[in-house]
Protein chains: 2
Amino acid sequence: MGALKVGELGEFLREQRRSAQLSLRQLADAAGVSNPYLSQIERGLRKPSAEILQQLAKALRISAETLYVQAGMLDARERQELEVPAAILMDPSISERQKQVLIQIYESFRKENAAAADPAPTGGPRNGPGGPDDPKAPDGPDDAAATA
Amino acid sequence: MGALKVGELGEFLREQRRSAQLSLRQLADAAGVSNPYLSQIERGLRKPSAEILQQLAKALRISAETLYVQAGMLDARERQELEVPAAILMDPSISERQKQVLIQIYESFRKENAAAADPAPTGGPRNGPGGPDDPKAPDGPDDAAATA
DNA sequence: CCACCCCGCTAACTTTTGCAAGCACCCCGC
DNA sequence: GCGGGGTGCTTGCAAAAGTTAGCGGGGTGG
């Protein structure tokens, strides 16, 4: 399960530290972690938590993203694939209700497409014991969508 | 030390799980973590490690980056310019026509809200949950050139 | 030579993560 | 009634993360 490449991450961190002319203790102090622990991270014998990683990134003035990519936690190309529902949910400019509407429509589109492409899905993983979610007409976006 | 906003992260995770129609056990199993642990994460009483976060993101099919942003580990502003329309346009699972529909609705929502809330558009920089962290302010020349 | 300050690392310890087992509740078939 | 499976939550416990104290080593100057 080691999705984390701790070794590479450690080397990368040490490189960055050296290149920033920082001693182990200096960086550890700046990042708010203990010196020996940073040492162990750099040598790959410890998997730093998300928080520590973030603090190290800050102290090193490198983007946290860079670190995550190096750690193998962020796929470089994954960054382009921000999922639509997640993006919608994070958007502060629309209401929760509106988010739900958008997501519903989005899901119904996907379902529609899947049905068109694969009419015979044997053993449907549909666990919904309830009814089929409204495929179209995702309840009333009328209020806003109509105004468009 | 809590640079992590565990509570928000938990809520977000729960939202995502529900929105994906998954039970706690299902997601836990898919992500390779234990059911009770996921429960605790969702209620904000545990800070998941970087690895766990990654596995959950994978199982939920959302970008790990989204999760990090939600956890307060990546600055949202830095990257939120990806925004909903961009995410929609990049999605390969729906047709171009469907994309247009979604974006239309999204835009109409925004227009409606803007009209209702703020007739005088004095520019609303979005920073809702943005925490006032950064105690010592090492100060980065954040040249976040908005590509919007 | 010796104190002094830095470097990185090892050792023992405390705190937290993360898990297997079990609880209480609800719904459905027998 | 009872059994079985579904949901989420609580409880100890092993295994990690992350800490403070201390080690050997290398300058530098007194």
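In what follows, chains carry the letters A, B, and so on, assigned in the order in which the sequence lines appear, proteins first and then strands, with residues in each chain numbered from 1. Scope of the values below: all heavy atoms of this structure, side chains included, with no hydrogens, waters or symmetry mates.
Although no hydrogens or angles enter the test, the distance criterion places a donor-acceptor pair under 3.5 Å between the side chain of Arg17(B) and the main chain of Leu22(B).
Scanning atom types as modelled, one donor and one acceptor separated by under 3.5 angstrom connect the side chain of Arg25(A) and the base of dG8(C).
Residues Gln54(B) and Lys58(B) meet the side-chain proximity criterion, which asks for heavy atoms closer than 4.5 Å.
A straight line from CG of Leu24(B) to P of dT10(D) spans 12 Å, rounded to a whole angstrom. One interatomic measurement links the two molecules: CG of Asn35(A) to C1' of dT10(C), which rounds to 13 Å at whole-angstrom precision. Remark: C1' of dT10(C) and CZ of Arg43(A) are 8 Å apart, rounded to the nearest angstrom. The distance between atom CG of Leu38(A) and atom P of dA17(D), rounded to the nearest whole Å, is 15 Å.
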Inset, instruction - Under the side-chain contact (heavy atoms from CB on, under 4.5 Å) rule, what do Leu38(B) and Leu56(B) come out as? Steps first, then yes or no, please. - result: CA-CA 9 Å; Leu38(B) 178 56; Leu56(B) 284 172; 4.0 Å; yes
Legend entry - Worked verdict on Glu96(B) versus Lys99(B) for salt bridge (Lys or Arg N to Asp or Glu O under 4.0 Å): CA-CA 5 Å; Glu96(B) 294 306 315; Lys99(B) 290 177 187 177; 3.0 Å; yes
Inset, instruction - Show the numbers, then the answer: is there a side-chain contact (heavy atoms from CB on, under 4.5 Å) between Ile88(B) and Ile88(A)? - result: CA-CA 9 Å; Ile88(B) 291 175; Ile88(A) 290 174; 5.5 Å; no
Inset, instruction - In sequence, state the C-alpha distance, the side-chain angles, and the governing distance for Leu9(B) and Glu42(B), and then conclude on side-chain contact (heavy atoms from CB on, under 4.5 Å). - result: CA-CA 7 Å; Leu9(B) 171 69; Glu42(B) 285 188 347; over 6 Å; no
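OP1 or OP2 of dG8(C) sits under 4.0 Å from a side-chain N or O of Arg17(A). Not one side-chain nitrogen or oxygen of Ser39(A) sits closer than 4.0 Å to the OP1 or OP2 atom of dG8(C).
Rounding to the nearest 0.5 Å places CG of Asn113(A) at 8.0 Å from CD1 of Ile94(B). If you take OG on Ser34(A) and CZ on Arg25(A), they are separated by 10.0 Å, rounding to the nearest 0.5 Å.
Searching all strands for a Watson-Crick or G-U wobble partner of dC30(C) with both distances below 3.5 Å returns dG1(D).
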Protein-nucleotides 16-18 of chain C N/O pairs closer than 3.5 Å?
from	atom 1	to	atom 2	distance (Å)
dT17(C)	OP1	Lys47(B)	N	3.1
dG18(C)	OP1	Ser49(B)	OG	2.5
dG18(C)	OP2	Tyr37(B)	OH	2.1
dG18(C)	OP2	Ser49(B)	N	2.9
dG18(C)	O5'	Tyr37(B)	OH	3.3
dG18(C)	N7	Arg46(B)	NH2	3.4
dG18(C)	O6	Arg46(B)	NH2	3.4

Polar atom pairs between nucleotides 25-27 of chain D and protein, under 3.5 Å, N or O only, would you list them?
none

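Under a 4.0 Å N-O distance rule, the pair Arg14(B)/Glu11(B) does not qualify as a salt bridge.
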